[in-house]
Amino acid sequence: MPELPEVETTRRKIEPLLRGRVIAGVEHDAPHKYRDTHLAVGRRVQGLSRRGKYLMLQLAAADAAEGGAHDLEFIVHLGMTGGFRLEPGQHTRVTLTLESDETGDGQHLFFNDPRRFGKMAVVRPGEYAGMPTLAAMGPEPLSEDFNAADFVRLAREAGAVKPWLLSQKPVSGVGNIYADESLWQGQIHPAQTRLTPGEGKKLYTAIREVMEKAVEAGGSSLGGGVGNYRQHDGVSGLFQHEHHVYGKGGQPCPRCGTDIVKTVLAQRGTHFCPKCQVLRERFKGQTVQRSNR
DNA sequence: CTCAACGCCTGACGGC
DNA sequence: TGCCGTCAGGCGTTGA
């Protein structure tokens with residue numbers, strides 16, 4: 001579920017609960033999903049960072065200087081339905097116990113994940129063997145590393161643009177919602193291949209704008225369903241009110257009034273405006289992208 | 001190498 | 001009311 005804006009919102013909200021604290025225990029079953037978590041016990045959280053949709057807790061020895069170098073990373077991926085909670089519940093999969101600080105607050109942090117798609121691992125910094133998506137992660141969309149020239153150049157060679165975005169390689173953190181929203185904003189058909197420089201630039205600008213606004217809004221919280229995304233404090237994001245196409249199949253396009261189409265592309269629900277986002281003619285001999293299921 | 005399909009999980013919802 | 005099929009914000013693996 002959570003994409004970059006939701007993960008970034010989580011990072012900002014749980015960092016104050018974890019920074020400076022020593023992890024006293026990590027409890028869970030399914031060790032194949034939560035690898036080497038015992039290495040985190042007795043270590044101090046120096047800070048929280050994020051790469052794409054992955055959260056990283058920087059861990060150092062409990063007696064290390066504040067702000068000093070860390071020697072382990074506690075990596076958390078929220079999957080489709082993962083999130084932190086202050087109270088245990090039916091879907092608690094991991095319980096983090098913290099050593100008391102002066103205030104004694106926040107002894108536990110619970111990882112709630114109904115669908116169990118979330119994962120954790122403790123690794124040496126930068127050692128991402130077995131995490132191919134993280135190892136090959138593209139630039140952060142809101143950083144200077146994400147630049148138009150590189151993106152336009154890569155986009156000229158790309159296959160179907162939406163699956164290409166979802167691969168995390170051209171840019172990190174874009175998932176199904178923000179891919180659909182960015183393609184609508186940039187007026188590009190989700191199945192378009194080999195973007196022209198003009199299309200590439202429009203999509204680049206759209207991704208920056210959509211991601212920036214979504215982070216500002218605290219991400220999206222969809223009503224109902226397993227994945228209703230909330231932060232640990234129960235606060236919902238607000239960006240769902242700014243969706244133009246995601247979840248809007250059959251409703252009028254805010255730009256032209258044509259009914260938004262919902263289809264399936266690369267096994268993912270895909271929403272677009274058939275008038276604003278037109279698939280360019282293909283050259284003879286090329287096969288047509290299908291969306292069977 | 002890339003690409004597409006499938007597996008992993010649970011719960012909510014709509015149709016019958 | 002109950003059952004069944006479908007769908008869901010992701011990613012790792014497999015096999016072509």
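Convention: sequence-line order gives letters A, B, ...; per-chain numbering from 1.
- By the 4.0 Å N-to-carboxylate-O rule, A/Arg43 lies close enough to A/Asp71 to be salt-bridged with it.
- A/Arg115 contributes a side-chain N or O that forms a donor-acceptor pair with the base of B/dC9 under 3.5 Å.
- Atom-to-atom, CG of A/Leu222 to P of B/dA12 comes out at 15 Å; the value is rounded to the nearest Å.
- C/dC7 and B/dA5: their P atoms are spaced 16 Å apart (whole Å).
- Rounded to an integer number of Å, the gap from A/Lys169 NZ to C/dC11 P is 12 Å.
- Among C/dG9, C/dC11, C/dC7, the nucleotide with an atom closest to any side-chain atom of A/Lys262 is C/dC7.
- A/Arg51 has a carboxylate O that lies under 4.0 Å from a charged side-chain N of A/Glu140, or vice versa, which qualifies the two as a salt bridge.
- Put simply, A/His91 has a side-chain N or O that comes within less than 4.0 Å of OP1 or OP2 on B/dG11.
- Comparing B/dC9 with C/dC4, their P atoms are spaced 22 Å from each other, to the whole Å.
- Taking the charged nitrogens against the carboxylate oxygens, A/Asp150 and A/Arg153 do have a contact shorter than 4.0 Å, which makes a salt bridge.
- Distance, A/Arg268 CZ to B/dG7 C1': 14 Å, rounded to whole Å.
- For A/Tyr178 and A/Tyr246, the ring centers sit 6.0 Å or farther from each other.
- For A/Tyr246 and C/dG9, the shortest distance from a side-chain N or O to OP1 or OP2 is below 4.0 Å.
- In this pair, A/Trp184 and A/His244 present their aromatic rings parallel. The plane angle is below 30°, not in the 30 to 60° band.
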For DNA chain C, please output the secondary structure as dot-bracket, reading 5' to 3'. Pairs are Watson-Crick or G-U wobble, both atom distances under 3.5 Å; mark crossing pairs with [ ], other-strand partners with |, unpaired with a dot. .|||||||.|||||||

Give the intermediate values and the outcome of side-chain contact (heavy atoms from CB on, under 4.5 Å) for residues A/His28 and A/Phe111. CA-CA 10 Å; A/His28 54 78; A/Phe111 182 64; over 6 Å; no

Is there a side-chain contact (heavy atoms from CB on, under 4.5 Å) between A/His77 and A/Thr133? Walk through the geometry before answering. CA-CA 11 Å; A/His77 195 288; A/Thr133 302; over 6 Å; no

All N/O contacts under 3.5 Å from nucleotides 12-16 of chain C to the protein, with atom names and distances to one decimal?
{"from": "C/dG12", "atom 1": "OP1", "to": "A/Tyr54", "atom 2": "OH", "distance (Å)": "2.8"}
{"from": "C/dG12", "atom 1": "OP2", "to": "A/Thr133", "atom 2": "N", "distance (Å)": "3.3"}
{"from": "C/dG12", "atom 1": "OP2", "to": "A/Thr133", "atom 2": "OG1", "distance (Å)": "2.0"}

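- Look at CG on A/Leu165: it is 13 Å from P on C/dC11, rounded to the nearest Å.
- Salt bridge annotation for A/Glu8-A/Arg12: present, with a cationic side-chain nitrogen under 4.0 angstrom from a carboxylate oxygen.
- At distances below 3.5 Å, at least one donor-acceptor pair connects side-chain atoms of A/Glu3 with backbone N or O atoms of A/Asn176.
- Contact annotation: A/Gln240 side-chain N/O to C/dG9 OP1/OP2 distance is not under 4.0 Å.
- One can place NZ of A/Lys53 at 8 Å from C1' of C/dC11, the figure rounded to the nearest angstrom.
- Counting to the nearest Å, the P atom of C/dG9 and the CG atom of A/Asp180 are 9 Å from each other.
- Under 3.5 Å, the side chains of A/Thr9 and A/Gln231 contain no donor-acceptor pair of N or O atoms.
- With centroids closer than 5.5 Å and planes inclined by less than 30 degrees as the test, A/Phe117 and the base of C/dC11 fail to qualify as a stacked pair.
- Taking atom NZ of A/Lys162 as the reference point, atom P of C/dG9 lies 8 Å away to the nearest angstrom.
- Distance, A/Leu183 CG to C/dG9 C1': 16 Å, rounded to whole Å.
- Taking only side-chain atoms of A/Gln267, from C-beta outward, the nucleotide of C/dG9, B/dC6, B/dC9 with the closest atom is B/dC6.
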